[in-house]
Amino acid sequence: MGANERGVCIGNEAVWTKEPVVECDALLGMDLVRLALERASSAQEAVQVITELLARYGQGGSCMEQPEPFTYHNTFLLCDRLEAYVLETAGPYWAAERITEGARNISNQLSVVKPWKEHPQLRSHAMAQGWWDGEGEFNFSAVYSLEKQPVRMEAAKKRYKAGQELLQKIEGKITVESMMEILRDKNSGICMDSVRHRTTASMVSVLPRCPDSPCIHLLTATPDPSRSVFKPFVFNFVVSQVPWVLSPIFGDRDPIRQNPRFQTQVDRRHELYIHHERVLETSEVTQDAEQRLHVKQRELEDENIHLVKKLLEKNETHDSIELTDLFLKSVEKELLLYRGETV
């Protein structure tokens with residue numbers, strides 16, 4: 001997931017369809033997110049960037065740093081200040097939905113029914129494979145979804161349905177806080193916290209329709225949002241780099257640069273990640289310690305949300321809030337908390 005300085009935001013999920021995945025080197029979903037954010041000035045343009053890259057380079061390759069490849073195709077949720085789209089893929093084929101009302105979510109499965117735009121051979125390919133007879137209305141999700149779903153897809157269905165229900169409850173009154181609450185929901189499986197899979201990081205973006213108001217992105221930069229602090233980031237003319245959330249660079253020793261790849265592993269955790277992980281482990285010793293940490297984290301987050309609201313006030317001049325170091329200072333305060341120093 002990510003955002004750019006033009007107010008374009010993209011989220012990405014893995015998906016498995018009737019179209020087989022390939023292990024050869026191609027573009028990962030994360031590559032497509034990064035490249036679209038680099039090149040697109042709107043959500044609609046981001047859809048075009050991704051689909052053109054799919055046609056030229058394809059998608060595939062291992063998505064985990066392990067000798068045994070783990071491959072999948074991708075779905076995307078894309079938005080800007082004015083528009084939003086869902087783009088779903090199956091190999092080189094794709095279907096896009098333009099969201100015109102309500103709220104929308106994705107979760108490891110195809111969900112586009114009537115495409116707004118689609119790959120030119122999407123339907124003819126389905127007919128050639130015997131997945132669709134060409135009669136009646138074309139339903140992309142039904143035609144391209146696996147008839148026998150893997151076990152992991154059952155959990156995805158539950159997450160998708162729960163996400164829909166949670167969004168419906170707050171439709172028309174969505175706030176930063178209510179979106180954070182959804183991302184922290186463990187009963188639904190949206191907030192994952194297991195040995196194999198966990199929510200690596202979370203992001204909530206506020207994209208005002210008024211171009212004079214800044215887009216604000218609240219980022220955890222740490223796993224498990226239920227035990228993390230959302231911190232505000234704003235693209236400004238000058239933005240301070242934050243060394244504590246940069247992963248280490250390994251140069252030629254990086255397993256991705258060696259052949260065969262990923263035969264060894266390196267520690268890619270950044271400094272905030274490491275301190276966050278340690279303090280969570282320490283706090284789990286007693287319930288009181290865990291609660292004290294939770295209270296302090298929420299105090300920091302409340303300060304951050306207060307800043308966000310000030311930035312969005314029409315009568316507030318942005319000069320009174322230093323945007324250049326906004327995210328840096330928030331990370332710095334969180335690190336001081338985890339190190340046991342005075343905040």
Side-chain angles (χ1 to χ4, degrees), residues 1-3 7-13 43 75-88 97-113 116 141 155-193 198-210 213-234 294-295 297-314 316 330:
M1 62 191 172
V8 179
C9 297
I10 308 177
N12 164 232
E13 288 271 8
T75 65
F76 304 89
L77 188 60
L78 313 94
C79 65
D80 57 30
R81 292 178 185 264
L82 301 175
E83 294 186 314
Y85 301 85
V86 170
L87 171 64
E88 299 184 334
E97 172 192 342
R98 186 176 184 180
I99 303 163
T100 56
E101 61 181 1
R104 189 70 159 80
N105 62 312
I106 58 175
S107 186
N108 300 118
Q109 60 189 305
L110 297 180
S111 59
V112 172
V113 176
W116 162 72
S141 174
K157 287 179 183 177
K158 179 187 171 186
R159 278 198 308 277
Y160 180 67
K161 186 172 184 296
Q164 284 182 314
E165 291 170 352
L166 290 167
L167 286 168
Q168 285 168 2
K169 285 180 182 177
I170 59 172
E171 192 168 336
K173 50 183 185 293
I174 292 175
T175 63
V176 168
E177 294 93 332
S178 62
M179 287 305 300
M180 289 177 180
E181 191 175 341
I182 289 176
L183 293 178
R184 286 169 167 153
D185 193 286
K186 291 197 173 185
N187 291 331
S188 63
I190 292 170
C191 180
M192 293 176 129
D193 187 16
R198 63 175 170 175
T199 301
T200 309
S202 301
M203 178 174 91
V204 173
S205 293
V206 183
L207 310 177
R209 284 180 174 271
C210 174
S213 297
C215 294
I216 306 169
H217 312 282
L218 292 114
L219 317 164
T220 61
T222 53
D224 190 350
S226 70
R227 301 195 292 171
S228 291
V229 178
F230 281 90
K231 299 166 284 294
F233 176 91
V234 175
H294 178 78
V295 169
Q297 285 181 320
R298 290 299 165 269
E299 287 174 353
L300 286 180
E301 190 171 277
D302 287 344
E303 288 180 25
N304 295 337
I305 292 173
H306 177 69
L307 274 175
V308 169
K309 289 177 178 178
K310 282 190 72 176
L311 278 169
L312 294 172
E313 288 174 2
K314 290 182 180 178
E316 183 67 36
S330 298

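Here the structure is a predicted model, which means the values were calculated and not measured.
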Review point. Ser141 side chain to Leu110 main-chain N or O, any donor-acceptor pair under 3.5 Å?
Key: yes
Check your understanding: Glu165 and Lys161: salt bridge (charged side-chain N to carboxylate O under 4.0 Å, His left out), yes or no, with the steps?
Key -> CA-CA 6 Å; Glu165 291 170 352; Lys161 186 172 184 296; 2.5 Å; yes
Exercise for review: Could you go through the side-chain contact (heavy atoms from CB on, under 4.5 Å) check for Cys79 and Leu207 one step at a time?
Suggested key: CA-CA 9 Å; Cys79 65; Leu207 310 177; 3.8 Å; yes
Check your understanding: So which heavy atom on Leu312 is nearest to which on Pro214, and how close?
Key -> CD2-O, 4.1 Å
Practice item. Under the salt bridge (charged side-chain N to carboxylate O under 4.0 Å, His left out) rule, what do Glu301 and Lys231 come out as? Steps first, then yes or no, please. Key: CA-CA 7 Å; Glu301 190 171 277; Lys231 299 166 284 294; over 6 Å; no
Review point. If you measure from NZ on Lys169 to CD on Gln164, what distance do you get to the nearest 0.5 Å?
Key: 13.0 Å
Review point. For Lys186, does the NZ atom have more than 12 heavy-atom neighbours from other residues, nucleotides or ligands under 6.0 Å away?
Key: yes
Point to revise | Separation of Asn12 CG from Met1 CE (nearest 0.5 Å) | key: 10.5 Å
Practice item. Please test Arg209 against Leu82 for side-chain contact (heavy atoms from CB on, under 4.5 Å), starting from the C-alpha separation and ending with a verdict. Key: CA-CA 6 Å; Arg209 284 180 174 271; Leu82 301 175; 3.5 Å; yes
Revision key, fill the gap. For Ile182 and Ile190 the tightest heavy-atom approach is O-CG2, 3.6 Å
Exercise for review: Kindly indicate whether the side chain of Cys215, heavy atoms from C-beta on, has any atom under 4.5 Å from the side chain of Ser205.
Suggested key: no
Point to revise | Donor + acceptor pair across side chains of Ser111, Arg104 (<3.5 Å) | key: yes
Review point. Any side-chain heavy-atom pair from Tyr85 and Trp116 closer than 4.5 angstrom?
Key: yes
Exercise for review: With rounding to the nearest 0.5 Å, note down the distance linking NZ in Lys309 to OG1 in Thr175.
Suggested key: 7.5 Å
Point to revise | Minimum heavy-atom distance between Met203 and Phe230, given as atom pair plus value | key: N-CE2, 4.1 Å
Review point. Does a side-chain heavy-atom distance below 4.5 Å link Asp302 with His306?
Key: no
Check your understanding: With distance as the sole test, does Glu13 use its side chain to make a donor-acceptor pair with the main-chain N or O of Gln109 at under 3.5 Å?
Key -> no
Exercise for review: Kindly indicate whether the side chain of Val204, heavy atoms from C-beta on, has any atom under 4.5 Å from the side chain of Leu183.
Suggested key: yes
Revision key, fill the gap. Heavy atoms of Ala43 and Val8 approach each other most closely as N-CG2, 4.1 Å
Exercise for review: Show your working on side-chain contact (heavy atoms from CB on, under 4.5 Å) between Leu77 and Asn105 and close with a plain yes or no.
Suggested key: CA-CA 8 Å; Leu77 188 60; Asn105 62 312; 5.7 Å; no
Review point. Is there a side-chain contact between Lys173 and Ser178 (heavy atoms, below 4.5 Å)?
Key: no
Practice item. Check Arg198 against Asp193 and note the closest heavy-atom contact, atom names and distance. Key: CB-CA, 3.9 Å
Check your understanding: Which distance, rounded to the nearest 0.5 Å, do you find between the CG of Leu78 and the CD1 of Ile10?
Key -> 5.0 Å
Practice item. Return yes when atom CD of Glu181 has more than 12 non-hydrogen atoms of other residues, nucleotides or ligands closer than 6.0 Å, and no otherwise. Key: no
Check your understanding: Hey, are the side chains of Asp224 and Thr199 touching, using non-hydrogen atoms and a 4.5 Å cut-off?
Key -> no
Exercise for review: Mind checking the CG-CG spacing from Leu307 to Leu218? Nearest 0.5 Å is all I need.
Suggested key: 10.0 Å
Practice item. Would you kindly say whether Ser107 and Arg159 are connected by a side-chain donor-acceptor distance under 3.5 Å? Key: yes
Check your understanding: Does any donor atom in the side chain of Thr220 or Ser202 lie under 3.5 Å from an acceptor atom in the other side chain?
Key -> no
Practice item. Would you indicate whether the side-chain heavy atoms of Leu167 and Met179 approach each other to under 4.5 Å? Key: yes
Check your understanding: Going through the checks in order, is the side-chain contact (heavy atoms from CB on, under 4.5 Å) test met by Glu83 and Arg98?
Key -> CA-CA 8 Å; Glu83 294 186 314; Arg98 186 176 184 180; 2.4 Å; yes
**Study point:** Ala3 versus His217, closest heavy-atom pair with distance
**Key:** CB-CE1, 3.4 Å
